[in-house]
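Just so you know, residue 1 is the first one in the sequence shown, and it goes up from there. For ligands, and for the atoms within them, numbers begin at 1 and follow the listed sequence.
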Amino acid sequence: MTILFKNIKELIQVRTEQISFVSGKKMQELPTIKNAYLLIKNGLISDFGAMDECPNLKVDEIIDATGKMILPSWCDSHTHIVYAGNREGEFVDRINGMSYEEIANRGGGILNSAKKLQETSEDNLYEQSKVRLEEVIMLGTGAVEIKSGYGLAVDAELKMLRVIKRLKENYPIEIKATFLGAHAVPKEYKKNKQRYLDILVDEIMPKIASENLAEYVDVFCETGYFSVSDTDFILKAGKKHGLIPKIHVNQFTAIGGVQIGVKHNALSVDHLEEMRDEDIATLQNTKTMPVALPSCSYFLSIPYTPARKMIDAGLPLALATDYNPGSTPSGNMNFVVSTACIKMKMTPEEAINAATINGAYAMGLEKKTGSITVGKQANLILTKNINSYGFLPYSFGSNQLEKVYLKGKEVNFNREL
Ligand code: NIG
Ligand code: FE
């Protein structure tokens with residue numbers, strides 16, 4: 001099956017060489033080809049270039065993209081898409097003045113979602129989660145990481161991970177799974193947190209390894225949740241079971257989570273709303289990708305990750321949604337890219353790099369997706385008629401996507417699946 005896109009107004013994020021990620025000043029470079037063609041063969045990008053060099057080939061389908069742009073699908077490297085129910089009651093409590101912390105302290109927050117999930121069957125959880133997955137695919141996401149962490153008990157954590165596995169099997173989108181058993185301490189272990197950590201390590205991790213249920217391990221390293229030494233304990237154990245760290249750090253307080261992440265060669269450290277100079281220094285010249293989650297800052301009214309300071313210090317940065325029922329009930333990467341520009345003063349070039357190639361790296365998928373490169377999956381966004389790619393973040397809240405393609409096929413859940 002071959003498809004040829006012709007007359008593309010601008011083909012965005014074209015990389016002739018395989019790159020892992022971009023950092024510092026290089027984040028400002030977003031290579032494009034104006035008036036371009038793009039050839040897809042059997043789900044992969046096979047060729048691209050300027051229209052006046054377009055080969056005269058026999059293809060199965062020709063798509064005329066006059067006035068429209070094509071960019072690689074968004075890569076959302078941090079989500080909690082699998083969850084049960086919602087928490088709009090707590091949303092109203094926050095409007096009325098309670099803080100996220102106060103809600104958590106009275107047994108709400110993550111524990112509230114865990115209770116709901118424990119009472120939900122695996123089939124029902126799958127049905128609820130697939131609606132969100134289909135939603136984000138239609139919003140242009142072409143690769144996604146999904147975490148456990150609303151089970152907080154052996155069976156419920158495994159239930160979440162099995163739902164993620166089922167989503168992987170049934171949808172064309174690339175999915176990576178992360179074990180986040182250390183998301184909150186269940187009430188019954190408040191006085192004996194170590195017992196809970198032992199359960200995660202001794203009872204759940206071996207099952208994850210034997211059933212191949214996750215690639216990554218995560219910890220909510222935060223005051224009132226898990227300390228730096230708890231994080232060290234979980235990451236060490238994860239390594240024995242082949243789980244690579246991707247961790248929640250510096251959301252509300254900076255307690256050394258960045259340092260422990262880098263020590264364990266974490267693939268990414270995520271949130272980073274509270275960054276000390278020493279945290280920026282620790283990340284320099286490492287392979288650990290910092291990940292910002294601006295929709296979470298927006299929804300909770302907490303500081304934004306200091307992207308300018310970090311990029312100006314030479315760091316890379318990825319952008320992700322954090323889609324979850326408590327701090328970010330939204331999986332819209334278009335909004336994330338806009339908000340990064342509007343609130344974090346990232347340029348459109350930096351934000352698009354952060355949401356494509358750098359996001360792919362933060363999921364270990366940089367060889368498969370995240371740029372227009374020969375051999376990569378044809379995960380594509382075809383825009384509506386727009387004047388420039390800067391219009392995407394500029395027109396925040398408006399939908400500028402006309403069609404989305406995964407592995408070379410147009411996806412539309414209103415009509416198929
Ligand atoms: O990434 N910070 C920890 N975990 C989630 C929020 C969890 C929740 O409130 O349900 C996050 O923001
Ligand atoms: Fe999160």
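For F226 and F233, the ring centers sit 6.0 Å or farther from each other. Ring-centre distance between F5 and Y405: below the 6.0 Å cut-off.
H248 and H271 have tilted rings, their planes meeting at an angle from 30° to 60° on a 0 to 90° scale.
At a cut-off of 2.8 Å, H80 coordinates the Fe ion (ligand 2) through an N, O or S atom.
Of the polar atoms of T328, none of the N or O atoms is found under 3.5 Å from an N or O of ligand 1, judged by distance alone. Considering backbone and side-chain N/O atoms, S113 never comes within less than 3.5 Å of an N/O atom of ligand 1.
Contact annotation for E222 and ligand 1: no heavy atom of the residue comes within less than 4.0 Å of the ligand.
The side-chain contact (heavy atoms from CB on, under 4.5 Å) test with D76 is passed by exactly one of M333, E145, M363: M333.
Remark: K34 NZ is loosely packed, at most 12 non-hydrogen atoms of other residues, nucleotides or ligands lying under 6.0 Å away. In this structure, E101 places its CD atom where only 12 or fewer heavy-atom neighbours from other residues, nucleotides or ligands lie under 6.0 Å away.
Each of the following atoms of ligand 1 lies closer than 4.0 Å to a heavy atom of Y100: 6 (C), 7 (C), 8 (C), 9 (O). Which parts of ligand 1 touch Y150 is read off a 4.0 Å heavy-atom cut-off, strictly below it: atoms 7 (C), 8 (C), 10 (O). Below 4.0 Å from some heavy atom of G326 lie the following atoms of ligand 1, by number and element: 8 (C), 9 (O), 10 (O).
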For this session: Decide yes or no on side-chain contact (heavy atoms from CB on, under 4.5 Å) for F220 and I110, but give the supporting numbers first.
Result: CA-CA 11 Å; F220 187 18; I110 296 167; 4.2 Å; yes

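In terms of modelled atom types and a separation under 3.5 Å, the side chain of R15 and the main chain of G370 share no donor-acceptor contact.
When the N, O or S atoms of H248 are ranked by distance to the Fe ion (ligand 2), NE2 comes first. Considering just the N/O/S atoms of D322, the one nearest the Fe ion (ligand 2) carries the name OD1.
For atom 12 (O) of ligand 1, the nearest non-hydrogen atom of the protein is S327 OG, 2.6 Å. The nearest heavy-atom contact from the protein to atom 11 (C) of ligand 1 is D322 OD2, 3.1 Å. Counting protein heavy atoms only, atom 5 (C) of ligand 1 is closest to H183 NE2, 3.7 Å. The protein heavy-atom contact nearest to atom 2 (N) of ligand 1 is Q251 OE1, 2.6 Å.
At a threshold of 4.5 Å between non-hydrogen side-chain atoms, the residues K407 and E174 count as touching.
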